[in-house]
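Everything below concerns the one structure shown next.
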Amino acid sequence: MNIFFTIRSYILIFIFNILIGQFQVSPMLIEQYTDNDETSVSIVNISNNKNSQLDLKIYLKDRAYINGIQTEALPGTFERSCADWIFFTPSKLSLGPKETKSIRINMEVPDSAVGTYWSTLYIEESSAPTPRIAEFKGHKINLNVNMRMGVLITETI
């Protein structure tokens, strides 16, 4: 077996274990169908899988595909953005070990909107990363990762 394939496999498994182990977000996709001048409400649940406190920051970004490439920008940048209609609380969250909390998302659709609009709600770890060290055939790999997950929000009017 190729040694580089083996090392790469171990690294990928190691990274996968780190990413799965931090926290979970549900749902990862919010699809809403709302009439003009209406407000819709969604709930996103976040679970801390760690045995220690987890601090998170929550923020919005625009998402679009430009020439087939996924692009992210500040809220309200893209023409089909619904970020300006979204209000959520809280914007910072601390979760104790194995604790689950919720984010409430209100979306107020303006009267002039027609069609489908998008945005992404990001949940990003703001705690100092937990150092992770793996050894493979005498080599140490040190990986410090702060995880970020995005909930795609799609609003069709």
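Index from 1, following the sequence.
Among Thr100, Asn49, Asn48, Ile123, the single residue meeting the side-chain contact (heavy atoms from CB on, under 4.5 Å) criterion with Gln24 is Asn49.
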Side chains of residues 148-156: which donor-acceptor pairs under 3.5 Å do they make with residues two or more places apart or in other chains?
unit_1 : atom_1 : unit_2 : atom_2 : d
Arg148 : NH1    : Tyr59  : OH     : 3.3
Arg148 : NH1    : Glu72  : OE2    : 3.4
Arg148 : NH2    : Glu72  : OE1    : 3.1
Glu155 : OE2    : Thr34  : N      : 3.3
Glu155 : OE2    : Thr34  : OG1    : 2.7
Thr156 : OG1    : Thr116 : OG1    : 3.1

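Between the OG1 atom in Thr39 and the CE atom in Met107 there is a gap of 10.5 Å [rounded to 0.5 Å]. Here the CG atom belonging to Leu93 is positioned 6.0 Å from the CD1 atom belonging to Ile103, to the nearest 0.5 angstrom. We find the OG1-NZ distance between Thr71 and Lys61 to be 12.0 Å, quoted to the nearest 0.5 Å. We find the OG1-CE distance between Thr120 and Met28 to be 10.0 Å, quoted to the nearest 0.5 Å. The structure places CG of Asn106 at 7.5 Å from OG1 of Thr89, a figure rounded to the nearest 0.5 Å. With rounding to the nearest 0.5 angstrom, the CD atom of Glu125 is 7.0 Å from the CG atom of Leu56.
Partners of Asp84 under the side chain to side chain donor-acceptor pair (under 3.5 Å) rule, at least two apart in sequence or in another chain, do not exist in this structure. Under the side-chain contact (heavy atoms from CB on, under 4.5 Å) criterion, Glu79 pairs with no residue, sequence neighbours left out. Annotation: salt bridge (Lys or Arg N to Asp or Glu O under 4.0 Å) contacts of Lys57 (sequence neighbours excluded): Glu124. Annotation: side-chain contact (heavy atoms from CB on, under 4.5 Å) contacts of Ser26 (sequence neighbours excluded): none. Shown here are the side-chain contact (heavy atoms from CB on, under 4.5 Å) partners of Ser119, two or more places apart in sequence or in another chain: Leu60, Asp62, Cys82, Ala83, Ile86. The side chain to side chain donor-acceptor pair (under 3.5 Å) test applied to Ser94 returns Asp55, not counting sequence neighbours.
Hydrophobic clustering, with ILVMFWY side chains joined whenever heavy atoms are under 4.5 angstrom apart, keeps Trp118 apart from Ile30.
Under the ring-ring contact (aromatic ring centres under 6.0 Å, His included) criterion, the residue pairs touching residues 83-103 are Trp85-Tyr117, with sequence neighbours excluded. Among residues at least two apart or in separate chains, there is no ring-ring contact (aromatic ring centres under 6.0 Å, His included) pair with a member in residues 27-48. Counting only residues at least two apart or in different chains, salt bridge (Lys or Arg N to Asp or Glu O under 4.0 Å) contacts with residues 99-122 are absent.
Grouped with Ile69 in a hydrophobic cluster is no other residue, since no side-chain heavy-atom contact under 4.5 Å to another Ile, Leu, Val, Met, Phe, Trp or Tyr is found. Through chains of ILVMFWY side-chain contacts below 4.5 Å, Ile66 is grouped with Phe78.
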